[in-house]
Number of protein chains: 2
Amino acid sequence: MSGGVEWALHCCVALTAATEPVPAVRLAELHDVSPSYLAKQLQELSRAGLVRSVQGKSGGYLLTRPADQITVLEVVEAIDGPSAAFVCTEVRQRGPLAASPESCTAPCGIARVMYEADHAWRQALRRVTVADLLADAERAQGPQLRDTLRGWLTSTHG
Amino acid sequence: MSGGVEWALHCCVALTAATEPVPAVRLAELHDVSPSYLAKQLQELSRAGLVRSVQGKSGGYLLTRPADQITVLEVVEAIDGPSAAFVCTEVRQRGPLAASPESCTAPCGIARVMYEADHAWRQALRRVTVADLLADAERAQGPQLRDTLRGWLTSTHG
DNA sequence: GAAATCCTACTCGGATATGGAGTGTCCGAGTCTACGTGG
DNA sequence: CCACGTAGACTCGGACACTCCATATCCGAGTAGGATTTC
């Protein structure tokens, strides 16, 4: 899995506390990561429609939906792509003992197991929203976290 | 996910029907894949203890356990490695609003979601055994598949 | 005929090149803000 | 005092290098089997 997924999720959580657009540079500073690379991730989130980009002097990024309507799965798929990790190359139809094409209408057992596992994985990611992530962080670091975040995001930095 | 996982699984299913060691070259011919690359996958299966290698003139590979005692997860982990896809870099402890180390004894919400999803994925793969895969293939291609495989694997080829 | 020996051929195992995707970076196009100016 | 125009600076967006891992391959170490030779 791409490492940028973690950054993107953290950014979504931070944007939950934002009331005005937050530039990519500020999000990068908040998390102490490479600004130029984070910009790429945010770009992908923008393409996926999860965040809205505002151009101009006081521009930046903003969530397009309430945090409880953005699932972790959506963020992951925005960065890593929506395609499944396993791709069946139809090995059963190759070689000297190849199965007849008409007996291969349904995916083979191997592919089916992989697809089911992939489905279970996605299901687990779909169950959790960005709002849940923020709530968890508040539980660990104190309920004032949201306000602290908002304050830091909106304040002007040297 | 590594594409070799598919090959390895097909090989395990084929080895289910084998009564004597099957060389890597024959398995490659059976599935019409690159012999030298398949050899690497079988080597990893051997390292993981799923198959036993027999050297010498009529050597090859053999399952070390009954097929109903080999889960798909074991094969996947043998090829792709046992480590989880997601690695938490502890972003929460970095930057100007870093969380205090003592409040980070438990994994953060993001990591937890990822680990749970990973667990669900592995659980789904653990439920299915190589024997199940063979049974499924027999259901699709006919019950004589196992004998056909054994015959082809043991016969001498040009 | 049987046993010991040697040779051959075949097997796996690890070390070795290559390609593509992920990683990381940069600069240009676009646009909002703010200031200055004129009425 | 207000409206307008212009300049400026800041933003995102896409195009451009680099690195690392998955892919693909090869050759050497080791061994079982069989043929040969000898008793």
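Below, chain A is the first sequence line, B the second, and so on; all start at residue 1.
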**Q** Between D/dG14 and A/Gln43, is there an OP1 or OP2 to side-chain N/O distance shorter than 4.0 Å?
**A**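 Yes, within the criterion.
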**Q** In whole angstroms, how far is the P atom of D/dA22 from the CG atom of B/Asp80?
**A**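 Rounding to the nearest Å, CG of B/Asp80 and P of D/dA22 are 8 Å apart.
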**Q** Rounded to whole angstroms, how far apart are CD on A/Glu44 and P on D/dG13?
**A**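 Roughly 11 Å, once rounded to whole Å.
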**Q** Please tell me if the side chains of A/Leu125 and B/Met114 come closer than 4.5 Å, counting only heavy atoms from C-beta onward.
**A**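 Counting from C-beta outward, A/Leu125 and B/Met114 do come under 4.5 Å.
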**Q** Report the distance from atom CD of A/Glu29 to atom P of D/dT11, rounded to the nearest whole Å.
**A**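 In whole Å, D/dT11 P and A/Glu29 CD are 12 Å from each other.
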**Q** Taking the side chain as everything from C-beta on, heavy atoms only, tell me whether A/Leu134 gets closer than 4.5 Å to A/Thr16.
**A**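 In contact.
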**Q** For B/Arg52, answer base if it contacts any base atom (sugar-phosphate contacts may also be present), sugar-phosphate if it contacts only those atoms, and nothing otherwise; contact means non-hydrogen atoms under 4.0 Å.
**A**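 Nothing: the residue B/Arg52, judged by heavy atoms under 4.0 Å, touches no strand.
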**Q** Hey, is CZ on A/Arg52 packed in by over 12 heavy atoms from elsewhere, all under 6.0 Å?
**A**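 No - once you tally the heavy atoms of other residues, nucleotides and ligands closer than 6.0 Å, there are 12 at most.
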**Q** Report the distance from atom CD of A/Gln41 to atom C1' of C/dG24, rounded to the nearest whole Å.
**A**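 Distance, rounded to whole Å: 10 Å.
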**Q** May I ask you to verify if any side-chain N or O of B/Ser53 is less than 4.0 angstrom from the OP1 or OP2 atom of C/dT11?
**A**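 The answer is no; no side-chain N or O of B/Ser53 sits under 4.0 Å from OP1 or OP2.
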**Q** In whole Å, what is the span from the CG atom of B/Leu38 to the C1' atom of D/dA24?
**A**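 From B/Leu38 CG to D/dA24 C1': 12 Å.
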**Q** Any side-chain N or O of A/Ser46 less than 4.0 Å from the OP1 or OP2 oxygen of D/dG13?
**A**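 Indeed, a polar side-chain atom of A/Ser46 lies that close.
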**Q** Below 4.0 angstrom from OP1 or OP2 of C/dT11, is there any side-chain N or O of B/Ser58?
**A**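 No, outside the criterion.
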**Q** Ignoring backbone atoms, establish whether A/Tyr37 has a side-chain N or O less than 4.0 Å from OP1 or OP2 of C/dT25.
**A**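 No.
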**Q** Applying a 4.0 Å non-hydrogen cut-off, can you work out what A/Ala39 is touching in the nucleic acid: base, sugar-phosphate, or nothing?
**A**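 It contacts nothing in the nucleic acid.
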**Q** Taking only N and O in the side chain of A/Gln55, is any of them less than 4.0 Å away from OP1 or OP2 of D/dG13?
**A**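 False: A/Gln55 side-chain N/O out of range (4.0 Å or more) of D/dG13 OP1/OP2.
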**Q** Quickly work out the B/Glu20 CD to D/dG33 P distance and round it to whole Å.
**A**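 Nearest whole value for this atom pair: 11 Å.
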**Q** Any idea which of D/dA24, C/dA9, D/dC10 is nearest the B/Trp7 side chain?
**A**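 In terms of side-chain proximity for B/Trp7, the closest of D/dA24, C/dA9, D/dC10 is D/dA24.
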**Q** So B/Ser36, base contact, sugar-phosphate only, or nothing? Heavy-atom distance under 4.0 Å.
**A**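 Base, at least one base atom sits under 4.0 Å.
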**Q** Do A/Gln41 and A/Glu44 meet the criterion of a side-chain donor-acceptor pair at a distance under 3.5 Å?
**A**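 No - no donor-acceptor pair under 3.5 Å links their side chains.
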**Q** If only side-chain N and O atoms of A/Ser34 are considered, is one of them under 4.0 Å from the OP1 or OP2 phosphate oxygen of C/dT25?
**A**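 True: A/Ser34 side-chain N/O within range (under 4.0 Å) of C/dT25 OP1/OP2.
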**Q** Determine whether A/Leu15 and A/Tyr61 make a side-chain contact, defined as any pair of heavy atoms from C-beta on separated by less than 4.5 Å.
**A**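 Yes - at least one pair of side-chain heavy atoms lies under 4.5 Å apart.
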**Q** Just the rounded figure in Å: distance from P of C/dT23 to CE of A/Met1.
**A**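 Rounded to whole Å, this separation is 11 Å.
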**Q** Within the structure shown, what part of the strands sits under 4.0 Å from B/Arg26 by heavy-atom distance: base, sugar-phosphate, or nothing?
**A**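 B/Arg26: no heavy atom of the nucleic acid under 4.0 Å.
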**Q** Between A/Ser58 and A/Glu20, do the side chains contain an N or O donor and an N or O acceptor separated by less than 3.5 Å?
**A**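 Per modelled atom types, A/Ser58 and A/Glu20 side chains form no pair under 3.5 Å.
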**Q** For B/Gly3 and for A/Leu42, locate the closest nucleotide of DNA chain D by heavy-atom distance; then report the residue assigned to the nucleotide nearer the 5' terminus.
**A**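 Closest to the 5' end, via its nearest nucleotide, is A/Leu42.
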**Q** In terms of side-chain heavy atoms of A/Arg47, which of D/dG33, D/dG14, D/dA15 is nearest?
**A**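 Nearest nucleotide to the side chain: D/dG14.
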**Q** B/Leu27 has an atom CG; how far is it from atom P of C/dT11, in whole Å?
**A**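 In whole Å, C/dT11 P and B/Leu27 CG are 11 Å from each other.
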